[in-house]
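Notes follow the structure.
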Number of protein chains: 2
Amino acid sequence: MTASRVVNGYPHVRPAVREKVEEAIKALGYRPNSLARATRTGVSQIGMLYSNASSSNLSNYLMGAFRQASLSGCQLLIEPSQAHPTPAQAVQKLVDAGVGAVILPPPLCDDVAILESLEKAGVGAVSFATARPREGAPAVFIDDFEGARMMTQHLLDLGHVDIAFVRGDPAHSTAQLREKGFRETMAAAGLVVDETYVADGGFSYRGGLDAARHLLGLRRRPSAIFAANDDMAAAISAVAHGLGLSIPADLSIAGFDDTSVATTVWPELTTIRQPIADMAASAVLLAMDLARPSAEPGGHVQAQLQLIERASTAPPPA
Amino acid sequence: MTASRVVNGYPHVRPAVREKVEEAIKALGYRPNSLARATRTGVSQIGMLYSNASSSNLSNYLMGAFRQASLSGCQLLIEPSQAHPTPAQAVQKLVDAGVGAVILPPPLCDDVAILESLEKAGVGAVSFATARPREGAPAVFIDDFEGARMMTQHLLDLGHVDIAFVRGDPAHSTAQLREKGFRETMAAAGLVVDETYVADGGFSYRGGLDAARHLLGLRRRPSAIFAANDDMAAAISAVAHGLGLSIPADLSIAGFDDTSVATTVWPELTTIRQPIADMAASAVLLAMDLARPSAEPGGHVQAQLQLIERASTAPPPA
DNA sequence: CTGTTAGCGCTTTCAC
DNA sequence: GTGAAAGCGCTAACAG
């Protein structure tokens, strides 16, 4: 019993005893059995939706979530939201399966109807990677505005002035914030954004292709293009190569997300990394809190962004 | 107890009773608790290595494995093999963690040294997606030769004659088999493979770029290129676009694997789909068998391949 | 064919 | 502060 307390870091154990237990743990190579633990604590299943949309990030999302679930001894039920006619049905399936809480990625995490039906069913929801976390609702998120600001500043610091921006899908709140981050940073540097330098890419490779053709066909070509995600940045890279431009000597390209395509294309993309796996792990933890009867809702976790400098950006041509 | 027998589909239960139990299960919405089950059956942890190499397939791999692990109530320990100086150390870490069996993707599944050290440690190994399953060793795999044959035949049926091939990393046994499948199908059609039409791509996007530059720079350009995986096919597509070629009107491109890039690029790639998620699930099942004391090794599971016809292939230009 | 007993590894509760 | 008792949901082994 005392050993249990030590393992769980509970108080009311004399330091001397605690130390002895810890020694024994090491000596015996003891590892707690999270399955057995779960039988007692009764932490049930938690549901996780996913949409193929952010498919490059999917593996990190799954990995982080499952690793945490393993550690915490809870069961994760994953459900592809597009396998159902409507996302609401996907959520319903999880509720019927008896999950204690649900993790909702965008755009579901901003869907009021789904949130309400969940509340009615008494099942908690954790918003994952939402751009606007709501008060009193558990959420894990990043600061999209700040990420865009960091990247824009990076390009500015490199000496770029003619910077183009490729927008994401305006339906996603993240896309709006990233654009805002770009615009305000440009303004703060005293630069006016030429509207022909802002193109729509819809977060897709295909959209990035179109945007790149427009941008690189301009009389006065930008010296750098900042795309709101990596898929679009990869498309821009492909088009630029096609036009015989060398990257980054003739053109700098920057992405956002640090998904696997960022290191697949050549040269590898300078981008903003979101710690998706850690974020998913946090979401599982929040969901487990929610599933407990002692539900104390409202935990917010903001993940740290990081600028990853790779080979696709450099100072502008002289 | 009788209920337990029914749930597990054991014999020695009168049909009438079985039916009654099943009714009750339905009426009560009973769902077995796989965690509790696992405490009794003692099915321990099973380890799973992964390499970023096939990163696009990673999410399917993880998803299939975790879903099965959830169902079977076993814990999955995943370890990125490149997080360690040598793959052997990654395996060792899992062994030290106390896993009962390990799932090995390529190229680890063909590494004799690793297999031997595992045997010495008394830990079973399941080969995942190996090209040459060994007798007496559990494995789940596909017929790479047959997949390459299917695709080559598809191009042949479309009317192509000048078909180029982009090889994978020759260190992977799958790469060798895919090339063999291509060559033998061409030979069977009475066609001689022009060696300038066979290029190395090393399974990477970068390598595909180089191969495409070589192939599309040839005096007599092939009318179709078959790449041994989707990453390389995507690279070829990018280069072709750059040269102003229209796909598939001027050039057909085919890939292999049906990873997410196949539907990311435009036009979407005709490719060979492997049911990675199902394969991973099978691997977990095999691993669990292995972890039990009653170890009856040698299960082989061959997964079914499917040709996915998308927009990147068409008859050759007139 | 069916039911009883015991126990998996852990934690909650409550005595001491 | 510490430990004894009980029980989570399930199944192996045995008894009837």
Side-chain angles (χ1 to χ4, degrees), chain A residues 1-46 68-77 97-101 285 288-289 291-296, chain B residues 1-46 68-77 97-101 285 288-289 291-296:
Chain A
M1 192 58 254
T2 301
S4 175
R5 275 191 267 264
V6 172
V7 170
N8 291 290
Y10 286 157
H12 310 306
V13 179
R14 238 184 320 163
V17 178
R18 181 179 298 270
E19 211 164 302
K20 251 175 123 176
V21 172
E22 265 155 7
E23 244 167 62
I25 287 180
K26 265 223 171 125
L28 271 51
Y30 168 82
R31 301 176 49 86
N33 179 333
S34 48
L35 262 53
R37 174 177 297 174
T39 60
R40 266 295 35 201
T41 50
V43 182
S44 48
Q45 305 163 307
I46 88 138
Q68 185 60 57
S70 242
L71 251 43
S72 311
C74 83
Q75 243 179 307
L76 221 48
L77 262 55
V99 302
L285 251 18
M288 286 180 64
D289 280 352
R292 298 202 167 188
S294 60
E296 178 74 66
Chain B
M1 194 58 249
T2 301
S4 175
R5 277 192 265 265
V6 171
V7 170
N8 292 290
Y10 286 157
H12 311 305
V13 179
R14 237 185 321 164
V17 179
R18 180 179 297 268
E19 212 165 299
K20 250 172 122 176
V21 173
E22 265 156 7
E23 245 167 60
I25 287 179
K26 265 222 171 126
L28 271 50
Y30 168 83
R31 301 176 48 87
N33 179 332
S34 48
L35 262 55
R37 174 176 296 174
T39 59
R40 268 283 55 190
T41 51
V43 183
S44 48
Q45 306 164 308
I46 88 140
Q68 186 59 57
S70 242
L71 251 43
S72 311
C74 82
Q75 242 180 307
L76 222 49
L77 261 56
V99 301
L285 251 18
M288 286 180 64
D289 280 352
R292 298 202 167 190
S294 60
E296 177 74 67

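Everything quoted here is computed from the prediction, not taken from an experiment. Quick note: numbers below take in every heavy atom, side chains included, and nothing from hydrogens, waters or symmetry partners. So you know, we letter chains A, B, ... as the sequences are listed, proteins then strands, and number each from 1.
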Picking from dT2(D), dT11(C), dT2(C), the nucleotide nearest the side-chain atoms of Ser4(A) would be dT11(C)
Ile25(B) CD1 to dC10(D) P, in whole Å, measures 10 Å
Testing dT2(D), dG3(C), dC10(D) for proximity to the side chain of Pro32(B), the answer is dC10(D)
In whole angstroms, the gap separating P of dC10(C) from CD of Gln75(B) amounts to 12 Å
His12(B) NE2 to dA13(D) P, in whole Å, measures 14 Å
Rounded to whole Å, the CZ-C1' distance (Arg37(B) to dT11(D)) equals 9 Å
Steps toward side chain to side chain contact (heavy atoms under 4.5 Å, CB included) verdict (Leu76(A), Ile46(A))
CA-CA 5 Å; Leu76(A) 221 48; Ile46(A) 88 138; 3.3 Å; yes
Ignoring hydrogens and angles, are the base of dG7(D) and the side chain of Thr39(A) linked by a donor-acceptor pair under 3.5 Å? no
Exercise for the section: Tell me, with the steps shown, if Arg5(A) and Val17(A) meet side chain to side chain contact (heavy atoms under 4.5 Å, CB included). Expected result: CA-CA 11 Å; Arg5(A) 275 191 267 264; Val17(A) 178; over 6 Å; no
Atom CG of Asn33(A) and atom C1' of dG7(C) are separated, to the nearest Å, by 14 Å
One should read off an interatomic distance between His12(B) NE2 and Arg18(B) CZ, to the nearest 0.5 angstrom, of 10.5 Å
Of the listed dT11(C), dG3(D), dC1(C), the closest approach to the Thr2(A) side chain comes from dG3(D)
Can you see if the side chain of Asn8(B) gets near the phosphate of dT11(D) - specifically, an N or O under 4.0 Å from OP1 or OP2? yes
Rounded to whole Å, the CG-C1' distance (Leu28(B) to dG9(D)) equals 15 Å
Step by step, work out the side chain to side chain contact (heavy atoms under 4.5 Å, CB included) result for Arg37(B) and Asn8(B). CA-CA 11 Å; Arg37(B) 174 176 296 174; Asn8(B) 292 290; 3.7 Å; yes
Atom NZ of Lys20(A) and atom P of dT2(D) are separated, to the nearest Å, by 11 Å
Per atom distances to the Met1(B) side chain, the nearest of dA5(D), dT2(C), dT4(C) is dT4(C)
Tightest non-hydrogen contact, residues Ala3(A) and Val21(A), listed as CA-CG1, 4.0 Å
When Tyr30(A) and Arg18(B) are each assigned the nearest nucleotide of DNA chain C, the 5'-most assignment goes to Arg18(B)
Per nearest nucleotide of DNA chain D, the residue lying toward the 5' end, Arg5(B) or Arg31(B), is Arg31(B)
